[in-house]
Structures are given as structure tokens and as C-alpha cells.
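Reading through the C-alpha cells given below for one structure.
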Amino acid sequence: MLQEVLDQPDPDKRVGAMAVDLDGFKALNDRFGHATGDSALAHVAGVLRAATGGHGTVARIGGDEFVIVVQDADCSKTMYSIASAIHDGLKRPMPVKRHQLTLHASIGIALADEETVAGGASTLLSAADAAMYRAKQTGKSRTEVFDSSMHTASDTSTAIMAELADGIERGEPGAPLSADSRASRPGRSWATRPWCGGSTRRAACSCRGRSCRT
């Protein structure tokens with residue numbers, strides 16, 4: 001659907017994407033169980049639909065991650081209003097057994113421009129995702145708008161592969177990745193695990209028995 005609206009005439013400033021990710025969802029699942037987690041996701045979906053007020057389309061893309069596609073003549077203002085409504089809506093507690101749980105979300109906003117239109121839906125989504133992770137890194141339960149200083153997931157992947165290639169060429173496949181080249185998603189720890197270079201011998205494995213990437 002996002003690609004369809006980007007293919008329409010003059011999508012610049014009229015089309016945007018919002019990435020919404022719950023804060024602390026794993027802890028909620030661990031404490032109250034997956035049934036409560038499912039109820040929380042349904043609760044959040046209702047908040048998102050209410051917040052869009054007919055100005056956007058809400059989709060859950062996996063886990064506790066949602067995307068909202070917005071198409072509006074004043075898209076920037078509309079997305080700010082939606083984000084504010086989401087934060088306000090989540091302030092209303094969700095009853096769970098004898099508890100009243102208040103959920104929070106980090107939100108990233110990306111407005112279509114010449115570059116994201118040329119790159120297609122995946123580029124715009126990646127930009128919204130990068131803005132959302134900036135929101136997480138700077139305090140959570142807040143909204144950030146994408147700008148060129150934020151690295152998208154594709155930029156980070158390219159940097160990671162380049163560093164691994166350099167390490168192999170130097171004969172140092174186990175060299176740790178630098179902080180700048182780690183995955184843009186803080187919750188994904190695979191990029192920080194030791195890399196065994198495909199070794200099948202545990203004695204030769206630099207992770208010394210810990211979880212690693214092969």
C-alpha cells in the first residue's frame with residue numbers, strides 16, 4: 001500500500017510513514033505471560049486506529065512493531081497530531097488482573113521526499129525505523145523525525161559487511177565490530193557477538209562456548 005501511494009503523482013510532502021515500537025514489551029511478556037502480551041498488542045492496535053482518525057492505515061509488521069501509512073495534504077502536521085494522540089491514548093492504563101498497566105511507545109516519523117520516493121517503500125520505512133530507534137536511544141516514549149544524520153538499516157548493513165570484509169582480508173575474522181557499525185536496532189545483539197568465521201572446532205572458536213555467529 002505504501003508503494004502504491006508513493007507511485008501516485010506528487011507524493012512529496014503528501015505521504016509519510018510512522019514506525020511505532022512498544023517500550024519494555026519483552027519485560028511485560030516475561031512478567032505476565034504471552035496471553036497478556038497479546039492483549040497488550042490488541043490494546044495498542046486500538047489506540048493506533050483511534051489516533052489516526054481515518055487519516056492513516058495501521059499495520060502490525062511483527063512482534064511489537066507497527067507501521068502507519070499517512071497520505072494527507074498536510075502530511076507533516078497530520079503525523080505530528082497522530083503521534084501526539086498515540087502518546088495520549090497510551091496514558092490510559094490497561095487492566096491486567098489486579099494491575100493497571102501503562103504502556104509506552106517510541107515513534108519515528110519519515111516524510112516522503114525526492115530520495116525516499118526514488119528508493120521506494122522500503123527506503124521510507126527504513127527512514128521511519130531509524131527515527132524510531134533514535135527515539136528509543138534518547139529516552140523512549142517520545143517521537144523523533146527522520147533527518148540525514150540518522151543512519152538507516154541499509155546504511156548500517158553496508159557498514160557491517162564492509163568491516164567484516166576488511167577483517168577477513170587482514171586475517172582477523174574475529175575482530176570485534178566498532179560501535180558505529182553495529183546494527184541500528186539496539187535489541188538485536190547478533191552484531192556484537194563474536195564471529196567464528198565458520199569454524200566448526202569449538203577450541204578454535206573465539207566465543208569460547210558462548211552464543212556466536214558462524
Side-chain angles (χ1 to χ4, degrees), residues 1-23 25 41-42 44-87 89-90 105-138 140-162 180-188 190-191:
M1 179 185 175
L2 178 55
Q3 188 59 55
E4 288 177 0
V5 296
L6 287 174
D7 288 339
Q8 294 179 12
D10 302 320
D12 295 25
K13 311 304 180 184
R14 297 178 57 249
V15 176
M18 303 176 65
V20 183
D21 191 273
L22 295 185
D23 299 323
F25 184 68
L41 292 175
V44 171
V47 170
L48 299 188
R49 285 195 296 266
T52 59
H55 293 286
T57 300
V58 180
R60 175 173 170 249
I61 60 174
D64 58 343
E65 300 176 65
F66 296 82
V67 165
I68 302 175
V69 175
V70 178
Q71 185 179 23
D72 192 87
D74 195 352
C75 192
S76 177
K77 181 179 179 180
T78 298
M79 288 197 293
Y80 279 121
S81 296
I82 291 173
S84 179
I86 290 172
H87 290 304
L90 290 177
S106 295
I107 302 174
I109 289 177
L111 192 65
D113 56 18
E114 183 176 344
E115 181 178 350
T116 52
V117 170
S122 61
T123 300
L124 186 56
L125 287 176
S126 184
D129 202 50
M132 182 268 292
Y133 274 97
R134 174 68 63 84
K136 282 192 176 291
Q137 293 166 354
T138 54
K140 301 182 180 180
S141 189
R142 60 195 310 272
T143 299
E144 286 281 349
V145 180
F146 178 78
D147 63 52
S148 58
S149 69
M150 302 177 186
H151 293 295
T152 64
S154 58
D155 294 334
T156 302
S157 296
T158 300
I160 290 172
M161 294 307 296
D180 290 339
S181 65
R182 290 175 182 168
S184 62
R185 298 186 173 219
R188 294 184 177 177
W190 66 269

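Remark: E115 CD is loosely packed, at most 12 non-hydrogen atoms of other residues, nucleotides or ligands lying under 6.0 Å away. Heavy atoms of other residues, nucleotides or ligands lying less than 6.0 angstrom from CD of Q8 number more than 12.
Proximity of I86 to I68: side-chain heavy atoms (C-beta onward) are separated by under 4.5 Å at one or more points. Side-chain contact between V145 and M79: absent, with no pair of heavy atoms (C-beta onward) separated by less than 4.5 Å.
Atom-to-atom distance recorded for L6:CG and M1:CE is 10.5 Å, nearest 0.5 angstrom. For the atom pair CG (L22) and NZ (K136), the distance works out to 7.5 Å, reported to the nearest 0.5 Å. The structure places OG1 of T116 at 7.0 Å from CG of D12, a figure rounded to the nearest 0.5 Å. Taken to the nearest 0.5 Å, the CD1 atom of I107 stands 10.0 Å off from the CE atom of M132. A distance of 5.0 Å separates CE in M150 from CD in E144, rounded to the nearest 0.5 Å.
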- prompt: For L124 and F146, what are the C-alpha separation, side-chain angles and deciding distance, and is it a side-chain contact (heavy atoms from CB on, under 4.5 Å)?
  reply: CA-CA 10 Å; L124 186 56; F146 178 78; over 6 Å; no

query: Between T143 and Y80, does a side-chain contact (heavy atoms from CB on, under 4.5 Å) hold up when you go through it step by step?
result: CA-CA 9 Å; T143 299; Y80 279 121; 5.5 Å; no

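Under the side-chain contact (heavy atoms from CB on, under 4.5 Å) criterion, T78 pairs with H55, V70, D72, I82, sequence neighbours left out.
In summary, the side chains of D129 and S126 do not present any donor paired with an acceptor at a separation below 3.5 Å, with no hydrogens or angles considered. No side-chain donor from either of S106 and D21 sits under 3.5 Å from a side-chain acceptor of the other.
The heavy-atom pair separating S141 from H87 by the smallest distance is C-CE1, 3.7 Å. In terms of heavy atoms, A110 sits closest to A127 at CB-CB, 3.8 Å. Nearest approach of S122 to G119, heavy atoms of both residues: OG-O, 3.9 Å. Listed here is the closest heavy atom pair of A128 and A19: O-CB, 3.6 Å. When all heavy atoms of A85 and A51 are compared, the closest pair comes out as CB-CB, 3.7 Å. The heavy-atom pair separating A105 from D23 by the smallest distance is C-OD2, 3.4 Å.
Remark: the backbone N or O of K77 is paired with a side-chain donor or acceptor of S81 at under 3.5 angstrom.
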